[in-house]
Amino acid sequence: MLLAEVIEVLDQAYPPRLAEGWDSVGLVCGDPESEVTHALVCVDVTAEVVDAALARGAQLVIAHHPLLLRGVDTVAASTPKGALVHRLIRGGCALFTAHTNADRARGGVNDALAATLGLEVTGPVEHLDAPSALDRWGVMVPPAQADEVLSAMFEAGAGEVGEYSECAWRVDGVGQFRPGTAANPAIGASGELTTLTETRVELVAARDRRAAVLAALRGAHPYEEPAFDVVEIAGAEREWGLGRIGVLPEPMTLEAFTAHVATALGAPARAAGDPRGLIRTVAVCGGAGDSLLGAVTRLGVDAYVTGDLRHHPVDEHLRAGGPAVVDAGHWGTEFPWCATVAELLWPYLDVAVHDVPTDPFTVRAAPAGDA
């Protein structure tokens, strides 16, 4: 399989348009025309990860966290990150990153976290209204050119419904028009009423793709003045957004739930809240999720699982009546996504998951008991 084809699969699963503006996602290094047979999936690109990838002959590393992000002005081999890039290139191994786009996409980081915890997901914590708002397009076109116009609109991003692409509806009818004296009609003559069979095609497209879809429609349509309409669909938000909300099969105390989180994720977990409080509805956000503390409070869930929680935000959150919080670490809450990526690519490649924790905190100790 070509690297470009692998990237196409990944981009369909984790659309780059869902990434934050400050983020850096996609291909970091590698030739899109090169062949890929073996890949390694990880959370962080470390020296140990590069060692593991090259040792197994991988031609691709797929990482969650970007190796190169803000303020990068050199990848010299004399720098820590540059040294890894050079090693990958010398070893014939590409590097691809899916970060905040994988956080937001359905089937991404947060769905993987929720599934690992045994939650039945009911929706995201925060919707993304801009990319998920939909238009419905209706276009009249001669039947012989309907496929050509649809293909152009599909290429511009139209026709995507959930996990399906190239979705459209069509029906034939009779259209009519009378070209003006200055018109240059593709069918009919100036001043004469023309009637003909036309196909009406309907399909949806994300509202932020409107300009691109319109340009594609006009470029492919045979008419001088294509007849079309665009309707904004109310309430058509897709479940793209940060975090997930879910329900446990059975309620359990916060103390028991914290132990469940640690066991399920294979990572240390700590909690803040009433140890005996019952937990049934749970919000999750992989990685550093304290920005959603206000959102989960408004949602009224019983507990919130995330990582990298700090003392003062948690203290203020509990004082304000927020739900219990469980901190299972940055790596621990994002690692389940690696298996999801591997499963996505297994039909095409030999894929392995780097399951050695890349959490930088490698030594943990509990206080000694009283003498």
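What you see is a predicted model; the values in this text were computed from it and never measured.
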Stepwise side chain to side chain contact (heavy atoms under 4.5 Å, CB included) test for D290 and R310: CA-CA 8 Å; D290 59 6; R310 295 170 294 159; 2.9 Å; yes

Side-chain donor or acceptor of E148 paired with backbone N/O of Q145 under 3.5 Å: no

Working for side chain to side chain contact (heavy atoms under 4.5 Å, CB included), residues L217 and W137: CA-CA 10 Å; L217 186 164; W137 291 74; 4.0 Å; yes

4.5 Å side-chain heavy-atom contact, R87 and L54: yes

Mutual orientation of the aromatic rings belonging to F335 and W331 [parallel < 30°, tilted 30-60°, perpendicular > 60°]: parallel

Heavy-atom donor-acceptor pair, N110 side chain to G286 backbone, under 3.5 Å: yes

For A262 against A269, the heavy-atom pair lying closest together: CB-CB, 4.0 Å

same_hphob_cluster(L214, L150) at 4.5 Å side-chain heavy-atom cutoff: yes

Between OG1 on residue T100 and CG on residue D23, distance to nearest 0.5 Å: 3.5 Å

S34 side chain near Q59 side chain, heavy-atom distance below 4.5 Å: no

Pair listing, ring-ring contact (aromatic ring centres under 6.0 Å, His included) test, anchored in residues 53-80, at least two apart: H64-H99, H64-W337, H65-H99, H65-H330

Hydrophobic cluster identity match, L299 and L113, side-chain contacts under 4.5 Å: no

Euclidean distance, E202 CD relative to R136 CZ, rounded to 0.5 Å: 5.0 Å

Electrostatic pair D208-R17, nearest N-O below 4.0 angstrom: no

Residue pair V353 / V341, side-chain heavy-atom distance below 4.5 Å: no

D44 (side chain) donor-acceptor with T46 (main chain) under 3.5 angstrom: no

Contacts of R280 that satisfy side chain to side chain donor-acceptor pair (under 3.5 Å) - sequence neighbours left out: none

Within-4.5 Å side-chain heavy-atom neighbours: P142 and I187: yes

Close side-chain approach of V230 and R210, heavy atoms under 4.5 Å: yes

In one Ile/Leu/Val/Met/Phe/Trp/Tyr side-chain cluster, 4.5 Å: L84, V43: no

Sidechain N-carboxylate O distance under 4.0 Å for R106, D111: no

Criterion side chain to side chain contact (heavy atoms under 4.5 Å, CB included) on R170 and D147, from CA distance to verdict: CA-CA 10 Å; R170 63 177 82 188; D147 287 339; 3.0 Å; yes

Residue pair L3, L27: steps toward the side chain to side chain contact (heavy atoms under 4.5 Å, CB included) verdict: CA-CA 10 Å; L3 175 57; L27 188 62; 3.9 Å; yes

Check: E192 main-chain N/O paired with R178 side-chain donor or acceptor under 3.5 Å: no

Heavy-atom pair with the smallest gap, counting every atom of P15 and A105: CD-CB, 4.2 Å

Distance (rounded to the nearest 0.5 Å) between C285 SG and L293 CG: 10.0 Å

Nearest atoms (heavy-atom pairs only) where A156 meets A212: CB-O, 3.6 Å

Reported CG-to-CD distance for the pair L2 and E35, which is rounded to 0.5 angstrom: 6.5 Å

Shortest non-hydrogen contact between A152 and A216, atoms and distance: O-CB, 3.4 Å

Nearest non-hydrogen partners of P222 and A186, listed with the distance: O-CB, 3.5 Å

Whether over 12 other heavy atoms sit under 6.0 Å from E20 CD: yes

R209/D135 ion pair, N-O < 4.0 Å: no

Sidechain-backbone polar pair: T333 side chain, G287 backbone, donor-acceptor under 3.5 Å: yes

Pairwise side-chain contact, L203 with V161, heavy-atom cut-off 4.5 Å (strictly under): no

Rounded distance (nearest 0.5 Å) linking atom CZ of F257 with atom CG of D302: 9.5 Å

Gap between atom OH of Y304 and atom CG of L309 - 0.5 Å precision: 7.0 Å

E224, CD atom: more than 12 neighbouring heavy atoms under 6.0 Å: yes

L248 and L119, any side-chain heavy atoms less than 4.5 Å apart: yes

For residues 67-80, dump all side-chain donor-acceptor pairs below 3.5 Å to protein atoms at least two apart in sequence or in another chain.
from: T74; atom 1: OG1; to: A76; atom 2: N; distance (Å): 3.0
from: T79; atom 1: OG1; to: A76; atom 2: O; distance (Å): 2.7
from: T79; atom 1: OG1; to: G82; atom 2: N; distance (Å): 3.1

Side-chain heavy atoms of V296 within contact of V125, under 4.5 Å: yes

same_hphob_cluster(L117, I279) at 4.5 Å side-chain heavy-atom cutoff: yes

N/O donor-acceptor pair under 3.5 Å between T306 side chain and G289 backbone: yes

In one Ile/Leu/Val/Met/Phe/Trp/Tyr side-chain cluster, 4.5 Å: F177, M140: no

Exceeds 12 heavy-atom contacts within 6.0 angstrom, atom CZ of R364: yes

Over all atoms of both residues, closest heavy-atom pair of P323 and T297: CD-OG1, 3.7 Å

